[in-house]
Amino acid sequence: MIDSLNSAQIAALFALTPAIDQVGIHERIGRIQTRSIKGTAKLQGLRMALSMIDLTTLEGKDTLGKVRQLCFKAQHLHDQATGLPTVAAVCVYPTMVAEAKKALVSSNIKVASVSTAFPAGQAPFEVKKLDTLYAVDNGADEIDMVISRGRFLAGDYQFVYDEIAAIKALCGQARLKVIFETGELDTLDQIRKMSDLAIAAGADFIKTSTGKIQPAATFPVVLTMLGAIKDHFDKTGQMIGMKPAGGISSAKLALQHLLLVKEVLGEAWLTNEWYRFGASSLANDLLLQYQKQVTGKYQSATYFSID
Amino acid sequence: MEILKTYKLYIGGQFPRTESGRTYPVRGANGNHVANACLGSRKDVRNAVQAARKAQSAWAVRSGFNRSQILYRIAEILEDRKAQFVSELISMGSSTADAQNEVQSSIDRCVYYAGWSDKYQALLSSVNPVATPHFNFSVPEAMGVVGVVSCQRTGLIGLISQILPVILGGNTIVVIANSDQPLGAISFAEVLATSDVPGGVVNILTGQIAELLPTLAGHMDVNALSLAYIDADLLKAAQEVAIDNLKRCSVYAEDFTLQTSQGLAFISTFQEIKTTWHPIEQLSGGGSGY
């Protein structure tokens, strides 16, 4: 287990956190957004994006039936099309993990569970630990925890750090994704700070948002977080995964995100081991664009399974 | 100094320039350069269909009465801007008398179709006698997104005659305007934008039919086509690509200025009939067939 940090150590950690050049970030994003990917590169990109999806259902009205349907979709994205991958994982609430594991038993698709009183994270620490243990015991391959945003904004970095480190210790073999809920962190500097804190506390992945709050995975936010991953890699040689979630619902956006990660981190991150999209409706748009590319005709959602 | 209007497209309630950035000159009767219009591209078609699809379900669930009020509002705004439409038609080659007649007929047609909005359902519906214990009834439902190539002989009345009966039935549409006389179509879009017609219900593109129609006709998310006065080869090609999702293609060659070019048939063509079998308790001792 990673040891707790005292305030001096936290100060030392943040001393290495650079200030974010917001204007520079926006300019770089602007260039990414004017690029267009066509032909075979587009097909490859669409397939890659599909293979990186954490197909997600996180609603109060979720049922076991809905989860089974989602797991079926995860394995059969569009059977009429050949050469399609499956998604990387399905992402559900802890109570749905056992059902999802059962439904995906014959596939390589991982089951990710949100945890620590998702989405608000406003629960006692003991409850958060139980929440995580429940998911892990039911077979979750990945844990998506939320941070205590209130504590972070109040400057209680030590609390946030300890919480992440403690949850990481409970995960065992499961990989830990740390959700910042960037829409509540307000500034890019805060987001960079949180990235450095989460990485130091043992996050395997850093993830932008819960999907419940807007704005979510915007380009400036993602670029800021990728910068933290890059700096950490340059310093230690250790790779950290990235998962933008919320608001990426079109194939065009997904491809631009892939461009960004390739430019900032390099091709090593272009696999679902290190990069994920948290999404529900993105899969269908990728499929529509894929079929458009194959058939030459613009497609209709009518002919694709519901998401 | 005179300020000239930039004629743009009408997509999703906005007036964007064409994605392609191209324009083409619109010429008047004597060949003079009247204005530039956007030379739309297939990506504009894609964007327009997307906007139309997004708007369709919300438009279809509005009450017929509400759609009626909105159509009547179109007539009111058109009346208000009569002079502008007359002068636009004249600039594109109409005589003064023809232009005045066309605009007046257009306003009349709006009022005419406004009246139909909450009445066609009753005429197209039926309760059907069946031999089983079911209450069996049929009702019209909007087809969805309709692609329109508007009349290539008129600048306004044909456009209106093809748009209104389609949208009043809960469909949303993507229109390719008259290529030679597109100005009236874009000015009409301004009327729509200020008549409480929700964005995306009507989308209007300008450009070359030969370039835009194949994409529109082949688009899997377009449910029907309304084509007026188009070249035989283009029509054949459009019908061929329309097969994949069984689009209903309606081909018009009428004089839309005439009063005979309006009526229930223009509405019912863009409706599907849904029949429902509702189980009921076995009624004792015969009698009613439903």
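Note that these values count all heavy atoms, side chains included, but never hydrogens, waters or copies made by symmetry. Residue numbers begin at 1 in each chain, while the letters A, B, ... track the order of the sequences.
Taking 4.5 Å as the limit, every side-chain heavy atom of Arg276(A) sits out of range of all side-chain heavy atoms of Cys91(A).
Here the closest heavy-atom approach between residue Trp277(B) and residue Pro279(B) is recorded as O-CD, 3.6 Å.
Per-residue counts of heavy-atom pairs under 4.5 Å with chain A were compared for Asn245(B), Val45(B), Thr215(B); the largest is that of Asn245(B).
Counting only residues at least two apart or on different chains, the side chain to side chain donor-acceptor pair (under 3.5 Å) pairs with a member in residues 248-268 of chain A are Arg35(A)-Glu263(A).
The pair Lys243(A)-Glu142(A) does not count as a salt bridge, with every side-chain nitrogen at least 4.0 angstrom from each carboxylate oxygen.
Contact of Val222(B) with chain A is not made at all, since no heavy-atom distance falls under 4.5 Å. For a residue to count as touching a neighbouring chain, one of its non-hydrogen atoms must lie under 4.5 Å from one of that chain's; by this rule Arg42(B) touches chain A with backbone and side chain alike.
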